[in-house]
Amino acid sequence: MESFEYTAHTSRVIFGAGSLGRLPDEVARLGATRVLLLGRRAPDLGPLSVARFDGVAMHTPVEVTERALELLRASGADCLVSVGGGSATGLGKALAARTGLPQIAVPTTYAGSEMTPVVGETAGGGKATRRDPALVPRTVIYDVELTLGLPVPLSVTSGLNAMAHAVEALYSPQANPAIDSFALDALARLARALPALVDRPDDADARSDALVGAWLASICLGAVEMGLHHKLCHVLGGSFGLPHSETHAVVLPHVMAYNAPAVPAVMRRIAGALGVTDAPAGLVDLAARLGAPMSLASLGLRDSDLATAAELVTAKPYPNPRPVDDVLVVLQSAFSGEHPVSGGAPGIGAAFSSGGAPDIGWLTDEVVASFAGASSERLRDLLGDLVRRLHGFVADNDLTEDEWKTAIDFLTRTGEMCSPTRQEFVLLSDTLGVSSAVDLLTNSRSPATTPSAVLGPFYVEGPPAVPPGTDLAVDLPGVPLRADVRIVDLDGNPVPDAVVDVWQSNQDGFYDVQLPDLEGPVLRARFSSDADGRVWFRSILPSEYPIPDDGPVGEMLRATGRHPYRAPHLHFMINAPGFRRLITQLFVAGGRYLDSDAVFGVKDELIVEFPAAPDGTRTVEFTFRIAPLEVGRA
Ligand code: BEZ
Ligand code: FE
C-alpha cells in the first residue's frame with residue numbers, strides 16, 4: 001500500500017509564446033508599483049521599473065547580493081523581477097530572503113530553480129543553502145519566445161539537467177504519485193524535444209515542449225529531496241570548479257546505472273518515458289545524439305581528483321536508493337565516459353543488463369540508424385520510433401521464439417483473410433482501439449464540435465440520394481424509427497446543403513452488404529440538409545450486432561474472453577463545403593454493450609435517448625456541430 005507526504009508549493013504560472021507581455025499585469029496583480037529588474041534581458045517596464053541590476057553572477061555570491069540589495073534599498077522597489085537562467089532566479093530569491101519582497105521569475109533556460117524553495121549562496125569559498133517556502137517565486141512566467149535563442153549546447157545541457165531532477169525525483173524517499181507523473185511527463189517531453197531542438201533550434205513547438213518539461217522537472221526538484229546524482233554534481237562543481245549543467249549532463253546516466261539494481265521498477269518507468277529498452281543506456285545514447293559532453297575528463301577533471309571527490313561525496317549522509325559505498329565506480333565510469341552498465345560494474349558483461357538477459361540496445365540503435373537516409377524526416381521518425389517500441393516490447397517481455405512465430409502466423413492469417421469485401425487488418429486495428437485512437441487524434445481537436453466515431457467496414461460510397469422523410473427500411477421488419485437531425489456550425493447557425501449519408505444494421509444486426517439475397521441498397525441513403533440545416537427520415541431501430549468474428553480477430557476476442565458485439569447505433573457521414581467532414585455514430589441510450597463496445601467506438605456525448613412517441617414509433621433528435629476547415633489538423 002502506498003503512503004506518502006506531499007507539500008505542494010504555490011506559485012502562479014503563466015506559460016506561452018509572448019507571455020512576457022503579461023509582466024505589467026502580473027506586477028499589478030501582486031499590488032506592486034516599483035520593480036527592481038534583475039538581469040540584462042529583463043524588459044523595460046516604463047514607469048513601473050525603478051532600477052535594474054545587471055551584475056548577476058553564477059552560484060549567487062553574497063557580495064553580489066549585497067550590491068543588489070543596496071540598489072534595491074536606494075530605489076524603494078516593492079517587487080523583484082528576474083529574467084534569465086538559474087543565476088538570475090537565484091539572485092531574486094536571495095533578495096527576497098532578505099527583504100520579503102514578492103518576486104516574479106522569468107526563466108530563460110531549463111535549469112529549473114524557479115519552482116523550488118531553495119537558494120544556494122556562496123561566500124568565502126563555501127556554499128550555504130537556504131530553504132524556505134517563501135523563497136518560491138510568487139509568479140513564474142515561461143515565455144517560449146525567450147528560449148528560441150538559447151544556444152544549442154546550453155539548451156542540451158540545461159535540458160539534461162532538468163531530466164536529472166525528474167530522474168532523481170522518481171526514486172526519492174518523498175516520491176509520490178503526483179510527482180511521479182510530473183517526472184515521467186517531463187522526461188518524455190525533454191527526450192523528444194531536445195533532439196528536435198538540436199536539428200531545428202528555432203522550432204517553437206519543440207521549444208514549448210522542452211520548456212513544459214523543464215517546468216514539470218522544476219516542480220519535482222522543489223518537492224522532493226535529490227540523491228547521489230545531485231550530491232556528485234554539487235561536489236564536482238563546488239570543489240573542482242566543473243561547469244554546472246555540463247557536469248549534470250555527463251554524470252546522470254552513470255548514477256542511473258549505479259542505482260538501477262536498487263530500483264529496477266523505477267528504471268523501467270524511465271525507460272518507458274524515454275522510449276528505450278534500458279534507461280541508463282538510453283540516456284547516454286540521447287546525450288551522444290545531442291552532442292553533449294560525455295566524460296568528466298573532457299570537462300577538466302583529473303584522474304587524481306577521483307578519490308578525493310569520492311570521499312567528499314560519501315562524507316555526509318543523503319538519501320539514495322543504493323548505498324553510496326561504491327561511488328568511486330560511478331566516478332570512474334563518468335570520468336572516462338564509457339557506456340554505463342546497469343549494476344555499476346563497468347566493463348563486466350557489457351552486453352548483459354542486470355536481469356541476465358542480453359542487452360539489445362545496440363541492435364535497436366543500429367536499426368534506427370539504418371533509417372537515416374529515409375525519403376522524409378517523418379518517415380525516419382515514425383520508423384525509428386516504431387522499431388524502438390517493438391524492440392522494447394520484445395525485450396521487456398523477454399519474448400520467446402514460439403511467441404514470435406505465433407504472432408507472425410496470426411498476422412499472416414489476418415492478411416490472408418483480407419479481400420475486397422473484408423478488411424481483417426482494419427478490424428484488428430478497430431478491436432485493438434487503434435482506429436479509435438487515430439480518430440480521436442485526428443478529429444477531436446475542437447471540443448465544440450460533435451465527437452467523431454470510426455467509419456467501420458460497412459460504409460458504401462455513393463448511397464442513393466433520397467428526399468426528406470424517406471423510409472430507409474422500406475418494408476423490413478423492426479421497431480419503427482423517426483430521426484430528426486440538424487447540422488449547425490460552431491456558432492449554432494444552420495448549415496444548408498450538407499450531404500448527409502446514413503447507414504445502419506437491420507433488426508438482426510446485419511448490414512445489407514452482409515445479406516447477398518437483399519435487393520439493392522437498404523438501410524442506407526444520402527440526404528441533403530434544408531435551409532434550416534435539417535435532415536429527417538424514417539427507418540427502424542438499430543440493434544446490437546457482432547462484428548465479423550470468423551477470422552483471426554474473432555480468435556483474438558475469444559482467446560481474451562471478449563465478446564464481438566457493437567452497441568446499437570446509426571452511422572452518419574456529413575460533408576459540407578468549407579467544413580471538416582464529420583464521420584460519427586449515434587448510440588441508443590439503454591442499448592446493450594454501451595460499456596464494452598468491441599471496437600471502443602462509444603463516446604458519452606454520442607449516447608442519445610430514442611424515446612417512444614404515443615404510436616410506439618421510436619424517435620431521435622440530435623444536432624451535429626461541424627467545424628470549419630481551418631479548425632483541427634490536416
Ligand atoms: C461498424 O460500426 O459498422 C463497425 C465498426 C468497426 C468494426 C466493425 C463494424
Ligand atoms: Fe456499424
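For ligands, and for the atoms within them, numbers begin at 1 and follow the listed sequence.
- For Lys405 and Glu403, the salt-bridge test fails: no basic side-chain N is under 4.0 Å from an acidic carboxylate O.
- For Asn506, there are no side chain to side chain donor-acceptor pair (under 3.5 Å) partners, not counting sequence neighbours.
- Among residues two or more places apart in sequence or in another chain, the salt bridge (Lys or Arg N to Asp or Glu O under 4.0 Å) test is passed with Glu555 by Arg413.
- Distance check, rounded to the nearest 0.5 Å: CG of Asp278 to OG1 of Thr364 gives 10.5 Å.
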> Is there a side-chain contact (heavy atoms from CB on, under 4.5 Å) between Val588 and Val620 once you walk through the steps?
Replying inline: CA-CA 9 Å; Val588 182; Val620 59; over 6 Å; no

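- Salt-bridge formation is detected for the pair Asp550/Arg422: a Lys NZ or Arg NE/NH1/NH2 atom is positioned less than 4.0 Å from an Asp or Glu carboxylate oxygen.
- No donor-acceptor pair under 3.5 Å is formed between the side chain of Ser539 and the backbone N or O of Leu472.
- Ring geometry for Tyr511 versus Phe458: interplanar angle under 30°, hence parallel rather than tilted (30 to 60°).
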I'd like the atom pairs linking ligand 1 to the protein - N or O on both sides, separation under 3.5 Å - with distances to 0.1 Å.
from, atom 1, to, atom 2, distance (Å)
ligand 1, 2 (O), Tyr545, OH, 2.8
ligand 1, 2 (O), Arg566, NH1, 2.5
ligand 1, 2 (O), His569, NE2, 3.1
ligand 1, 2 (O), His571, NE2, 3.0
ligand 1, 3 (O), Tyr545, OH, 2.8
ligand 1, 3 (O), His571, NE2, 3.2

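- Protein N/O/S atoms nearer than 2.8 Å to the Fe ion (ligand 2) total 4.
- Aromatic pair Tyr593/His569: ring centres not closer than 6.0 Å.
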